[in-house]
Amino acid sequence: MTIQRIESVKEFDGFLNRYTHESKVLDCEMTFSVYLPPQATKGNVPAIYWLSGLTCTDDNARTKAGAQRYASEHGVALIFPDTSPRGDDVADEPDRYDLGKGAGFYVNSTQQPWAKHYQMYDYIVTELPALLEANLPLIPGVKSVTGHSMGGHGALICALKNPDLYKSVSAFSPICNPINCGWGKGCFSAYLGDDESTWNAYDATELVASGAKVNDILIDQGLGDEFYDEKQLLPENFQAACDEAGQSVTIRMQEGYDHSYHFISTFIGEHIAYHAKALKA
């Protein structure tokens with residue numbers, strides 16, 4: 001398993017690098033970015049995986065979130081994957097922003113034409129970490145996961161389905177209950193088919209209700225978020241499921257903040273510190 005570095009920029013005494021590789025899981029070439037803090041020059045460091053939202057690539061968070069400053073301070077690497085498979089032969093719905101390229105939803109698709117490439121769950125949980133730990137100065141198996149919107153959904157399900165793989169999990173404005181919102185229904189029916197019982201395996205609220213559990217969860221949600229108002233995110237459903245199951249969760253409802261990276265950049269330092277504490281415990 002090899003990676004090719006295509007860009008390197010020095011930031012906060014570390015380096016923000018961009019790479020490409022051939023993904024066997026997704027059957028296409030993928031691009032991702034990694035911030036290696038200055039501590040990585042002296043030894044392996046733990047990693048935080050950032051999963052981005054609808055329409056994003058690896059480029060959005062690395063240029064807008066302001067996370068590298070805090071990663072440098074805490075000595076943790078940041079991993080910025082893409083949000084879907086890419087390439088001319090990859091299935092897409094070009095007239096829709098919420099299905100196809102840029103909208104992989106971090107599931108393993110079972111339906112055609114999506115199943116050939118859209119295996120984002122396996123890519124994030126298995127292939128990409130193995131690739132990075134084999135090629136970069138990362139401590140094997142010491143990682144946390146966070147994300148935004150669709151990526152917040154991805155972070156929650158990856159951690160809940162694999163509590164032994166992640167030291168901590170957080171999210172910004174996650175899609176908490178996709179089987180009950182328009183975005184989730186549209187993508188899940190396309191990627192997973194009409195049997196809605198199969199959708200529950202990729203729904204954080206349903207996973208908690210079914211007994212999945214992690215040590216703790218941190219979520220920030222803006223009250224000025226238009227998608228919160230449109231009932232796409234449904235954090236109240238997730239809170240209720242956690243309360244019923246005894247799952248520790250802190251959902252901070254932030255007055256006036258929207259769905260953008262202005263919101264994320266305001267609180268990203270607190271999330272990095274939250275994960276760094278768990279990674280170094």
Side-chain angles (χ1 to χ4, degrees), residues 50-57 60-61 64-65 82-84 92-107 109 114 118 120-121 145-160 169-194 196 198-209 217-244 249-268 271:
W50 173 273
L51 307 185
S52 288
L54 288 167
T55 75
C56 292
T57 69
N60 294 74
K64 297 179 180 180
D82 203 344
T83 56
S84 76
D92 191 23
E93 287 284 347
D95 294 331
R96 291 182 58 177
Y97 74 92
D98 58 346
L99 180 66
K101 293 178 186 177
F105 244 90
Y106 305 102
V107 305
S109 177
W114 312 103
Y118 284 76
M120 285 298 295
Y121 175 79
V145 64
T146 184
H148 171 231
S149 195
M150 179 185 73
H153 141 79
L156 292 174
I157 66 166
C158 286
L160 287 166
V169 57
S170 74
F172 291 85
S173 312
I175 303 172
C176 292
N177 193 194
I179 68 169
N180 286 316
C181 76
W183 281 340
K185 290 178 180 179
C187 282
F188 282 15
S189 60
Y191 296 149
L192 303 174
D194 295 331
E196 296 185 13
T198 65
W199 300 4
N200 293 354
Y202 297 107
D203 184 298
T205 299
E206 294 298 318
L207 287 169
V208 169
I217 302 169
L218 171 64
I219 293 173
D220 273 309
Q221 172 62 60
L223 287 174
D225 185 330
E226 65 272 33
F227 301 116
Y228 172 67
D229 292 338
E230 292 173 8
K231 307 298 184 183
Q232 295 282 16
L233 308 177
L234 303 175
E236 291 86 358
N237 294 9
F238 188 65
Q239 180 75 69
C242 288
D243 290 346
E244 179 70 22
V249 62
T250 299
I251 302 181
R252 308 189 302 187
M253 307 302 287
Q254 304 288 5
E255 184 68 38
Y257 285 94
D258 61 14
H259 199 72
S260 74
Y261 272 89
H262 299 290
F263 165 54
I264 294 167
S265 64
T266 302
F267 299 102
I268 191 66
H271 283 244

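Keep in mind that this is a model prediction, so the values were computed, not measured. Sequence positions, counted from 1, serve as the residue numbers for this chain.
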**Request:** State the CD1-OG1 distance between I217 and T250, to the nearest 0.5 angstrom.
**Result:** 9.5 Å
**Request:** Using the side chain to side chain contact (heavy atoms under 4.5 Å, CB included) rule, take L54 and T83 through it: C-alpha gap first, then chi angles, then the decisive distance, then the call.
**Result:** CA-CA 7 Å; L54 288 167; T83 56; over 6 Å; no
**Item:** Separation of I175 CD1 from N180 CG (nearest 0.5 Å)
**Value:** 12.5 Å
**Pairwise distance CG(L207) to CZ(F238) - rounded to 0.5 angstrom** = 9.0 Å
**Prompt:** So, for D203 and E206, which heavy atoms are closest and what is the spacing to 0.1 Å?
**Reply:** OD1-N, 3.0 Å
**Point-to-point distance, once rounded to the nearest 0.5 Å, from CD of Q254 to CD of Q221** = 9.5 Å
**Complete:** For G147 and A155, the nearest pair of non-hydrogen atoms, with its separation, is N-CB, 4.0 Å
**Request:** Scan Y228, Y257, F227 and name whichever one has a ring-ring contact (aromatic ring centres under 6.0 Å, His included) with F263.
**Result:** Y257
**Prompt:** Hey, does L99 have a side-chain heavy atom less than 4.5 Å from the side chain of W114?
**Reply:** yes
**Prompt:** What do the steps show when you test H271 against D220 for side chain to side chain donor-acceptor pair (under 3.5 Å), and what is the final call?
**Reply:** CA-CA 9 Å; H271 283 244; D220 273 309; 2.7 Å; yes
**Asked** Side chain of T55, backbone of Y97: donor and acceptor closer than 3.5 Å?
**Response** no
**Item:** Exercise: identify the closest heavy-atom pair between A171 and G152
**Value:** CB-CA, 3.8 Å
**Message:** Looking at every non-hydrogen atom in both residues, tell me the closest pair between S260 and D258 and how far apart they are.
**Reply:** OG-OD1, 2.7 Å
**Asked** Do other residues, nucleotides or ligands put more than 12 heavy atoms under 6.0 Å from E244 CD?
**Response** no
**Prompt:** Is atom CG of D194 surrounded by more than 12 heavy atoms (other residues, nucleotides or ligands) closer than 6.0 Å?
**Reply:** no
**Fill in**
Closest non-hydrogen atoms of L223 and G256, given as atom of the first, atom of the second and distance, are CB-N, 4.3 Å
**Prompt:** Going from SG on C56 to CE on M150, what distance comes out if it is rounded to the nearest 0.5 angstrom?
**Reply:** 7.5 Å
**Prompt:** Are N200 and I179 side-chain neighbours, meaning at least one heavy-atom pair lies under 4.5 Å?
**Reply:** yes
**Request:** Please examine the side chains of S84 and Y118, heavy atoms only from C-beta on, and report whether any two atoms are closer than 4.5 Å.
**Result:** yes
**Message:** Between W199 and Y191, is there a side-chain donor-acceptor contact under 3.5 Å, judged purely by atom types and distance?
**Reply:** no
**Item:** Heavy-atom check, side chain of L218 versus side chain of R252, under 4.5 Å
**Value:** yes
**Message:** Measuring only between side-chain heavy atoms, which start at C-beta, is H148 closer than 4.5 Å to H259?
**Reply:** yes
**Fill in**
Residues G222 and S173: closest non-hydrogen pair is N-OG, 4.4 Å
**Message:** Distance check, rounded to the nearest 0.5 Å: H153 atom NE2 versus W183 atom CH2?
**Reply:** 12.0 Å
**Prompt:** If only atom types and distance count, is the side chain of Q232 paired as donor or acceptor with the main-chain N or O of G182 below 3.5 Å?
**Reply:** yes
**Close aromatic pair by centroid cut-off 6.0 Å: F188 and F105** = yes
**Whether Y121 side chain and S109 backbone form a donor-acceptor pair below 3.5 Å** = no
**Prompt:** Taking side chain as C-beta onward, heavy atoms only, is P174 less than 4.5 Å from I219?
**Reply:** yes
**Request:** Check whether any side-chain N or O of N177 sits under 3.5 Å from a backbone N or O of T205 as a donor-acceptor pair, and report yes or no.
**Result:** no
